[in-house]
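See below for the structure under consideration.
Here the structure is a predicted model, which means the values were calculated and not measured. Atoms within a ligand are numbered from 1 in the order they appear, just like the ligands themselves.
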Amino acid sequence: MLRWLIAVVLVGLWLSSPIACRLYVPPEGSGPEPTTSGESSTGESATESSSGSEPVADSGTNTTTDIVPDNGGIEVPTSATALLEYLKKGSYLSWRRESAPHQTQGPHKSGSLVFINDILLASLEANNTSHPKGSIAIKELYEPDLQTKAGWAVMVKTEDASLSGKGWYWFEVFSSARGDQFIADGNGVALCTGCHQPGKDYFLTKFPLQ
Ligand code: HEC
């Protein structure tokens, strides 16, 4: 036992000595190093180095689902937190919109500026009674001064059918609220569909946009 221990210690000392490193490392290092050749002759050290980086790559992938998740071809996310991120980035600002913020009778703060995406635009132009999946209306909400942005109300058609308002995803948030305090976040939210039901497939704003 003692002899075995001494042997282990001696081998350990030898391995950690500079001479051993110089002698020992080159053949080991030459395996994974020429990554350009693409061939790893030393399978063991290759897996060692790749397994070392795997957990990092995994956790990275898990946390990068945020901004534009694949949403079945729909242009915006239809879950509250991701949609709020999208709205803050302002990617919809190039869409067709009303000319300027204006007073609104709805419950949507005091002022409003409506944006519609190309799918909804085409459907409204075609005078359709039902809008196809992927249609989106984004309403910027404004304070009474009509300059200070106060939040967003959004409707996204997630089905071709209207399904009594359940074919639309409804979302609303006020800027003054905490980031996770959403007034609406889901399909067929009764608070929204009640008022929007008389619209053209739930769309109320005058078209062509004013
Ligand atoms: C009390 C009635 C009422 C309720 C409740 C209501 N809205 Fe509206 N909404 C309106 C009116 C009226 C308009 C038309 C523009 C305007 O005058 O503000 C509108 C416009 C919109 C628009 C622009 C597209 C369109 O249909 O004209 C969106 C998006 C919207 N509302 C989302 C919502 C969401 C989301 C909810 C639920 C949280 C909701 N609305 C609840 C009355 C209402």
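- Closest protein heavy atom to atom 15 (C) of ligand 1: Lys139 NZ, 3.6 Å.
- Side-chain atoms of Tyr86 and Glu75 form no donor-acceptor pair, as typed in the model, at a separation below 3.5 Å.
- Residue Val154 places a heavy atom less than 4.0 Å from ligand 1.
- For Ser112, no nitrogen or oxygen atom sits less than 3.5 Å from a nitrogen or oxygen atom of ligand 1, counting backbone and side chain alike.
- Listed by atom number, the atoms of ligand 1 under 4.0 Å from Phe171 heavy atoms are 35 (C).
- A side-chain donor from one of Tyr92 and Trp152 sits under 3.5 Å from a side-chain acceptor of the other.
- No close placement of the His196 and Trp168 rings is indicated, their centers lying 6.0 Å or farther apart.
- With no hydrogens or angles considered, no side-chain donor-acceptor pair links Asn128 and Lys200 at under 3.5 Å.
- Because the distance cut-off is set at 2.8 Å, Cys195 fails to qualify as a neighbour of atom 8 (Fe) of ligand 1, as none of its N, O or S atoms comes that close.
- Residue-level proximity to ligand 1 for Ala153 is carried by backbone and side chain together, each with a heavy atom below 4.0 angstrom.
- Residue Thr205 has at least one heavy-atom neighbour below 4.0 Å for each of these atoms of ligand 1: 14 (C), 15 (C), 23 (C), 24 (C), 25 (C), 27 (O).
- Judged by distance alone, the side chain of Glu159 and the main-chain N or O of Lys157 form no donor-acceptor pair under 3.5 Å.
- Taking any N or O of His102, backbone or side chain, none lies under 3.5 Å from an N or O belonging to ligand 1.
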